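Computed from heavy atoms alone, side chains included, the values below leave out hydrogens, waters and symmetry copies. Quick caveat: nothing in here was measured; it's all calculated off a predicted structure. Below, chains carry the letters A, B, ... as their sequence lines are ordered, and counting in each starts from 1.
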Amino acid sequence: MTSRDPAMRQATGRIWSPARGYFVILSLPVIFLAVFFIWPLAGVILRSFGGDEGIFFQYLTVFERDSYLKVLGYTLQVATTVTVLCLLIAYPVAALVARLQGSWLQLAFALILVPFWTSTVIRTYAWMVLFQRKGVINDALLNFGVIDAPLRFMHNNIGVHIGMVHIMLPFMLLPLISAFRNIDPSYMRAAGVLGANPIRAFWHVYLPLSMPGVSAGVALVFITSLGFFITPALLGGAKNMMLAVLIEQQVTITVNWELASALASILLIVTACLYVVYDRVSRRAGGGGVLD
Amino acid sequence: MSGQGAKIEYVDISKRYGAVEALRPTSLTIEAGEFFSIIGPSGSGKTTLLGVTAGYVPPTSGQIIIDGRNVVGEPPFQRNIGMVFQNYALFPHMTVAENIGFPLRMRKTPRAEIAERVKKMLALVQLEEMASRKPGQLSGGQQQRIALARAAVYDPLMLLMDEPLSALDKNLREAMQDEVKQFQTVLGSTVLYVTHDQAEAAAMSDRIAIMNHGRIVQIGSPRDLYEHPVARFVASFLGEANIFDIESVTPHASGSMIATHHGFSLVCAASGSHDGQCVCVRPEAVALSASRPEHDNVLEGKVVDATYTAGSLRYRVELAPDCIITQRTPSVRGIEMFDTGATVFASWRAEDTLLVDDD
Ligand SMILES: Nc1ncnc2c1ncn2[C@@H]1O[C@H](COP(=O)(O)OP(=O)(O)OP(=O)(O)O)[C@@H](O)[C@H]1O
Ligand SMILES: [Mg+2]
């Protein structure tokens, strides 16, 4: 008799829980990711151990040759510098934008998001137009007599850094703005009334409260920069190469798929390790983990 | 730790946001060590007055003189005023002890002294064992007490509190009223307390100011305001009031005879003109009886509603078709209750017919 009662049946039989609802919703994207992301990735890792010369041959090659390690070191250095520059530029801008209201806020968001409407390739070509020997910047500097001979902006460190900071800036701005907007203005007001001058209020209250946004933005920009290809490929030099560019060369020029796979796997492992360390550190520093 | 609070004088202080006059020119003196409350409806300018006092809202005009010194123009961090915010504003990334120690740290107090004073404060609010917790791990009442401790730890000239108990449930609110009051007595500080709960203000304050539309309508002790309201707004904001509109006033042996809109007349001890005035009678001043009594004012009516609430009886009596008054008597054991529909006589003294401004 009781089993006829739907409520009872539900209570005794399959118990509904929110987790089951999530499972249904999540299954499609999980299948999609498995087929189009995890499977090819596994393929890359497997291939890095393939080849005729033995399982670890590619890895031994990478670690025996200075040039490959140099590329890895340069990649880490560029990613770090770009992340720091983005943070320094984005922090004050985001703090300002977070205070805007209404249509000013919408305008600011539109300006931040406009770059997403144009592909990275086109934006990088735009920098090439500006940076050329006879580009807009050199012309202007020459005309105003600031310089006598055209400067080199492209195919060196400067171009790569400027281009990458420009591309990465929105990825730093958005998490920062979101974090700043979550800081209740009454905290800063309270800090002031309690005796903190603006600088100390910023240092002791605003900065710590903004750490979740900082750690999210830093993780996003740093990790994306590590594997960045288009901008370093177009604006970078032959002397200093980033890892993604090297991998591409191994595939298209040298046609060494195994070595390319090994390099890609190394990049993946380095990224994952740095991510774990970073998450631990920022959690300990009280800013909360990247994923919080 | 304890000391006498400061005396604070507002001289024609005002604040305007564009077209909104949040605070009209207001002058007010709060004595040293006084517990002074401000009550008023939403948007009447209470928070604005606190903001101007704390220094994060620049006033449009006027002076604020604390212990003889005009503080207008000084930034908040130089004013040495303590404040409990409505949402407490406890820093979520600091422990309870760090929160309380924060104002001392900003004043470059030596570490050992900070630790000692924080401990004393925690003892005063009875939360010693919570020192290393984060605010998020405390209950509302505990957070409230920490906010109080943080606002008072540096011996501020005065304590500002913006509806500090409004987030708590009723029982806890009443318990905290006593605690806040005791806290103030122990420290001897001057307190400016904002609330929109008139019972809360009456329970704690030496004096109360009632604000409306950015202006102080009346200042007085809780009893003063209740028994001698100057305006209809005060009378109906503070407790219950039966208000009658005036038709005409004629002199009378014991004061004046007031004809109301409802056809009956009332005897009033005071004499007044009826320009811009109305009559207020408190529910407690009215007596109900089954037979016609001898009294200054006697009106026949019908009981339309009778309710019993903790400790008192409350009747709604219809005196005229569109005139229902409220009456209240303490319920003593064995008191006879009138039934709904019963015919009764409402009576009160001439002194209880109050003439107030009909703003
Ligand atoms: N920053 C501001 N900009 C514009 N108008 C404001 C600002 N702050 C307050 N006001 C206006 O000033 C008036 C008084 O506001 P205030 O916050 O002092 O009211 P209150 O008495 O504290 O009300 P409540 O009981 O709701 O807290 C209101 O009309 C409000 O809209
Ligand atoms: Mg308010």
Side-chain angles (χ1 to χ4, degrees), chain A residues 87 91 94-96 98-104 175-176 178-218 278-292, chain B residues 47 50-58 71 74-95 98-109 114 134-136 143 146-164 192:
Chain A
L87 184 60
Y91 200 96
L96 199 75
R99 285 163 158 251
L100 298 178
Q101 298 289 341
S103 48
W104 286 109
L176 281 180
S178 143
F180 290 165
R181 285 187 75 80
N182 277 331
I183 301 177
D184 193 318
S186 70
Y187 290 130
M188 286 300 276
R189 211 175 284 155
V193 174
L194 291 169
N197 63 35
I199 293 169
R200 308 188 86 193
F202 172 80
W203 183 253
H204 290 286
V205 177
Y206 201 80
L207 191 62
L209 289 177
S210 70
M211 281 324 277
V214 172
S215 65
V218 164
Y278 179 76
D279 191 57
R280 288 275 160 80
V281 170
S282 64
R283 219 173 268 277
R284 184 156 306 168
V290 175
L291 298 175
D292 294 344
Chain B
T47 300
L50 288 194
V52 165
T53 313
Y56 59 82
V57 175
V71 297
E74 272 182 25
F77 62 92
Q78 286 175 354
R79 289 203 184 178
N80 206 27
I81 286 174
M83 182 156 184
V84 178
F85 290 82
Q86 185 164 0
N87 59 356
Y88 312 139
L90 293 173
F91 303 128
H93 59 291
M94 298 183 194
T95 64
E98 284 166 348
N99 261 289
I100 301 177
F102 182 81
L104 298 175
R105 226 170 119 205
M106 293 304 112
R107 285 166 174 75
K108 307 222 164 68
T109 312
I114 293 181
K134 293 274 174 73
Q143 291 184 25
I146 299 304
L148 202 58
R150 185 180 69 172
V153 70
Y154 51 102
D155 286 335
L157 295 168
M158 67 182 308
L159 273 173
L160 309 176
M161 303 194 201
D162 195 356
E163 308 198 23
L192 180 52

Give the minimum heavy-atom separation between A/P198 and B/F77, together with the two atoms involved. CD-CE2, 3.5 Å
Bottom line for B/L90: the part with an atom under 4.5 Å from chain A's heavy atoms is backbone
List the residues meeting side-chain contact (heavy atoms from CB on, under 4.5 Å) with A/A201, not counting sequence neighbours, and say none if there are none. A/M188, A/A191, A/A196
Chain A/chain B interface donor-acceptor pairs under 3.5 Å:
residue : atom : partner : partner atom : Å
A/D184  : OD2  : B/N87   : ND2          : 3.4
A/S186  : OG   : B/N87   : ND2          : 3.4
A/G192  : O    : B/F77   : N            : 3.3
A/L194  : O    : B/R107  : NH1          : 2.6
A/R200  : NH1  : B/M106  : O            : 3.0
A/H204  : O    : B/H93   : NE2          : 2.9
A/H204  : ND1  : B/R105  : NH2          : 3.3

Distance from B/L104 atom CG to A/L194 atom CG, nearest 0.5 Å? 10.0 Å
